[in-house]
Every structure is written in C-alpha cells, then in structure tokens.
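First up is the structure itself, then whatever we jot down about it.
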Amino acid sequence: MGSLPPSLDLPPPPSKNPQHERVSETTLFNLFKAQQGHLNYFFQNLDLSQALSFTETLLNSQGTIFFSGVGKSGFVANKISQTLVSLGIRSAFLSPLDALHGDIGALSATDILVLFSKSGSTEELLRLIPCARAKGVYIISVTSVPNNALANACDMNVHLPLERELCPFDLAPVTSTAIQMVFGDTVAIALMGARNLTTDQYAANHPAGRIGKSLIFKVKDVMKKQDELPVCKEGDLIMEQLVELTRKGCGCLLVIDEEYHLLGTFTDGDLRRTLKASGEAIFKLTVGEMCNRKPRTIGPDAMAVEAMQKMESPPSAVQFLPVIDRQNTLIGIVTLHGLVSAGL
C-alpha cells in the first residue's frame with residue numbers, strides 16, 4: 001500500500017517530555033488554601049455600607065442596569081448582567097469599545113451604568129464616562145485599587161478589598177475576578193429577595209431548562225391521551241390484550257368501564273407473575289381478575305415533577321401513572337420515559 005498524500009498525513013502524537021514536571025497534591029492543596037485566605041480577606045474587609053448603597057441603587061433603578069468592563073472584568077460584568085436578566089431585572093452588557101462607536105445610544109437618563117475594573121485605570125472605561133454622563137446616566141465603579149481615576153470620576157464607587165492575586169507574580173486576574181463574581185452574584189440574589197421573586201416567575205424566565213420545566217410543566221402537558229392510551233375492559237381475556245399491552249409503549253393496560261372510569265391497571269410485570277402462577281390457566285383469565293384495583297393516579301393539573309416524585313415513592317417505584325379527573329374518568333397516562341424525554 002502506498003503512502004498517503006502529504007496533505008492527508010496524520011500529525012505525529014505529541015512526544016513525552018521526560019523533564020515535564022507534574023503538579024503535586026501538596027502544591028494544589030496549598031494553592032486552594034491560599035485562595036481561600038485571599039477570599040476571606042475580601043469578606044472580612046468589605047465595606048457593607050458601600051455594598052448596601054450599591055444594592056439599593058440597583059433596586060430603585062427606573063431604567064436598565066448596564067454593566068461594562070474590559071478583559072476578564074468584562075466577562076464578569078457580562079455574567080452578572082445575565083444573572084439579573086434571568087431574575088427578570090432589566091439589564092444588559094455594554095461593550096466599552098462598541099459604546100464609543102454607536103452603542104452608547106442605548107443609554108438614557110433613567111439608566112445605571114456599572115463599570116467593573118480591578119485597577120480603576122482602564123482607558124476604555126475612562127473614555128466612556130464623559131459620554132455616558134452626557135446622556136444623564138448614573139455611573140458606578142466597582143474597583144479594587146484605592147484612590148483610582150475611575151472611582152474619582154463616577155457618582156459612586158464600591159471598593160472590593162483585594163489582598164493579592166493568587167498568581168505568584170501578583171499579575172494574572174484570578175482572585176480579583178473571583179471576588180467580583182462573588183460580589184455581583186450576591187447582590188443579584190439580594191435583589192431577587194427584595195423583589196419577592198416567586199418560583200413561578202423564575203421558571204418563566206427559564207422555560208427551556210430543567211429548572212423551568214420542573215416548575216412550569218403540568219401533567220396535562222406531558223401525558224399521553226385518547227388513541228395513545230392502552231385501554232381495555234375488565235372482562236377482556238388477558239391473552240387477547242397482549243398486543244394492546246405492548247403496542248402503546250406504556251408497559252401496562254388501563255382497565256376501564258363503559259363510562260371510561262378507571263377500574264385498575266394491569267402491567268407487563270403482572271403478566272409475568274400471572275403466567276408463572278397460573279401456567280396454561282392464563283388463557284382463561286380476564287384482565288379484571290388479575291388487575292391492580294388500587295393503582296397510584298394523578299390529576300391533570302398536578303405539576304409534572306410531582307408525578308415523577310409519586311412514581312418514585314415507596315413502597316416501590318412505578319413506571320407510569322394513570323391521569324384521572326375528579327370523577328375518576330381516565331383522561332391520560334404519564335410515563336417515566338415521557339417525563340425524562342421532556343427534560344425533567
């Protein structure tokens with residue numbers, strides 16, 4: 001076999017450097033302990049009166065709370081803005097570069113602009129301040145270096161105490177961004193509490209996630225109904241209902257009367273147990289003779305997550321729940337597979 005064309009040659013595997021040093025468990029442990037100490041320094045020295053003034057200012061905002069920053073501080077500012085949005089608070093991230101090229105038009109006199117910067121000397125943010133001030137925006141800086149230019153130019157400053165960066169050169173922003181994130185997210189939760197955000201409101205902002213689905217979806221949203229139901233009558237022979245037992249993919253038969261009232265359930269597990277106990281006599285047995293007359297059920301307006309909890313409750317887990325109305329009329333079935341498929 002000929003060699004592959006040069007353009008298709010696979011790259012060689014990376015060579016192992018025998019001189020390569022590994023990180024020891026002791027080294028890693030000491031780094032975590034050091035970072036813990038730096039974070040403790042922040043908590044112990046944070047001016048709570050500044051933090052409270054900042055939080056109340058955001059709480060009383062009549063407009064949009066804009067966050068801005070450059071580099072790693074910009075990533076943190078963006079994340080905090082997204083957290084507020086998820087809580088139903090009007091917020092957005094404003095890129096300082098884009099703001100100077102037109103995006104500052106989004107600002108109005110009712111808005112607040114929060115600038116995150118470790119040093120407080122970030123040139124892009126300093127250039128942004130006079131432009132934002134001309135729009136009548138209230139400007140807040142969140143910095144860690146005392147007496148910085150950004151703090152002096154803003155309407156309010158919050159000082160985040162920073163002992164030092166975990167970086168051995170005290171340069172890489174790893175501790176400073178950690179305390180920025182802790183500060184911003186803690187304030188966000190304080191706002192959440194002050195606004196009395198309910199679980200329903202929170203879920204409405206997260207409809208696609210598992211949290212939202214568990215708080216929004218009801219049984220009627222995920223149940224099978226009508227032609228999808230594996231129904232039979234109590235007088236039907238078990239062996240004549242095997243196709244119905246397997247065809248609907250529910251692992252059971254729902255036994256009903258002429259008015260569609262639920263009488264009981266007969267599962268594939270019941271089939272195996274009946275066959276083992278009865279042998280050939282199973283050909284003469286009816287579903288009604290062997291069905292469970294007291295199955296677990298649930299109503300259509302119950303939360304889907306409640307259905308899952310009910311399936312998993314003692315004395316033993318089940319794979320489905322018949323859905324009935326207040327008159328015990330069968331209207332659907334919810335299965336564990338269906339709940340999982342819905343993302344719950």
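Keep in mind that the numbers below use all heavy atoms, side chains included, and drop hydrogens, waters and symmetry copies.
Heavy-atom neighbours of Lys79 NZ from other residues, nucleotides or ligands within 6.0 Å: above the threshold of 12. In His337, the NE2 atom is not crowded: 12 or fewer heavy atoms of neighbouring residues, nucleotides or ligands sit closer than 6.0 Å. Other residues, nucleotides and ligands place more than 12 heavy atoms under 6.0 Å from the CZ atom of Phe93. The environment of Asn147 atom CG is sparse: at most 12 non-hydrogen atoms of other residues, nucleotides or ligands sit within 6.0 angstrom. No more than 12 heavy atoms of other residues, nucleotides or ligands lie within 6.0 Å of NZ in Lys284, so this atom counts as exposed by the packing criterion.
Between the side chains of Ser117 and Thr143, no donor-acceptor pair of N or O atoms lies under 3.5 Å. Donor-acceptor pairing under 3.5 Å is recorded for the side chains of Ser24 and Thr27. Between the side chains of Asn78 and Ser81, no donor-acceptor pair of N or O atoms lies under 3.5 Å.
The ring of Phe183 has its center closer than 6.0 angstrom to the ring center of Phe54.
Side-chain contact between Leu191 and Leu87: absent, with no pair of heavy atoms (C-beta onward) separated by less than 4.5 Å. At least one side-chain heavy atom of Tyr138 sits under 4.5 Å from a side-chain heavy atom of Thr57. Between Phe320 and Cys250, every side-chain heavy-atom pair lies at or beyond the 4.5 Å cut-off. Residues Gln309 and Val305 have side chains in contact (heavy-atom distance under 4.5 Å, counting atoms from C-beta outward). No side-chain heavy atom of Cys131 sits under 4.5 Å from any side-chain heavy atom of Arg133. At a threshold of 4.5 Å between non-hydrogen side-chain atoms, the residues Leu162 and Phe42 do not count as touching. The side-chain heavy atoms of Glu165 and Lys118, taken from C-beta on, include a pair separated by under 4.5 Å. Between Ser278 and Leu285, the closest side-chain pair of non-hydrogen atoms falls below 4.5 Å.
Note on Asp257 versus Lys233: no salt bridge recorded, every NZ/NE/NH1/NH2 to OD/OE distance being 4.0 Å or above.
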message: I'd like to know whether Thr122 forms a side-chain contact (heavy atoms from CB on, under 4.5 Å) with Leu150, so could you lay out the CA-CA distance, the side-chain angles of the two residues, the decisive distance to 0.1 Å, and finally the verdict.
response: CA-CA 8 Å; Thr122 306; Leu150 199 62; 5.8 Å; no
- prompt: Can you list the steps and then say if Glu306 with Lys310 is a salt bridge (charged side-chain N to carboxylate O under 4.0 Å, His left out)?
  reply: CA-CA 6 Å; Glu306 180 185 339; Lys310 200 167 188 178; 5.8 Å; no
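Closest non-hydrogen pair, Ile80 versus Gln180, comes out as CD1-O, 3.8 Å. Across all their heavy atoms, Val85 and Ser91 have their closest contact at CG2-O, 3.3 Å. In this structure, Leu94 and Ser68 approach most closely via the heavy-atom pair O-OG, 2.7 Å. Among all heavy-atom pairs drawn from Ala77 and Phe67, the shortest one is O-CB, 3.5 Å.
Applying the side chain to side chain contact (heavy atoms under 4.5 Å, CB included) test between Pro96 and each of Glu124, Arg127, Glu123 identifies Glu124 as the sole match. Between Ile112 and the choices Leu58, Ile139, Val137, the side chain to side chain contact (heavy atoms under 4.5 Å, CB included) rule is met once, by Leu58. None of Thr265, Ile333, Val334 except one satisfies the side chain to side chain contact (heavy atoms under 4.5 Å, CB included) rule with Leu321; the exception is Val334.
Taken to the nearest 0.5 Å, the CD atom of Gln241 stands 10.0 Å off from the CZ atom of Arg247.
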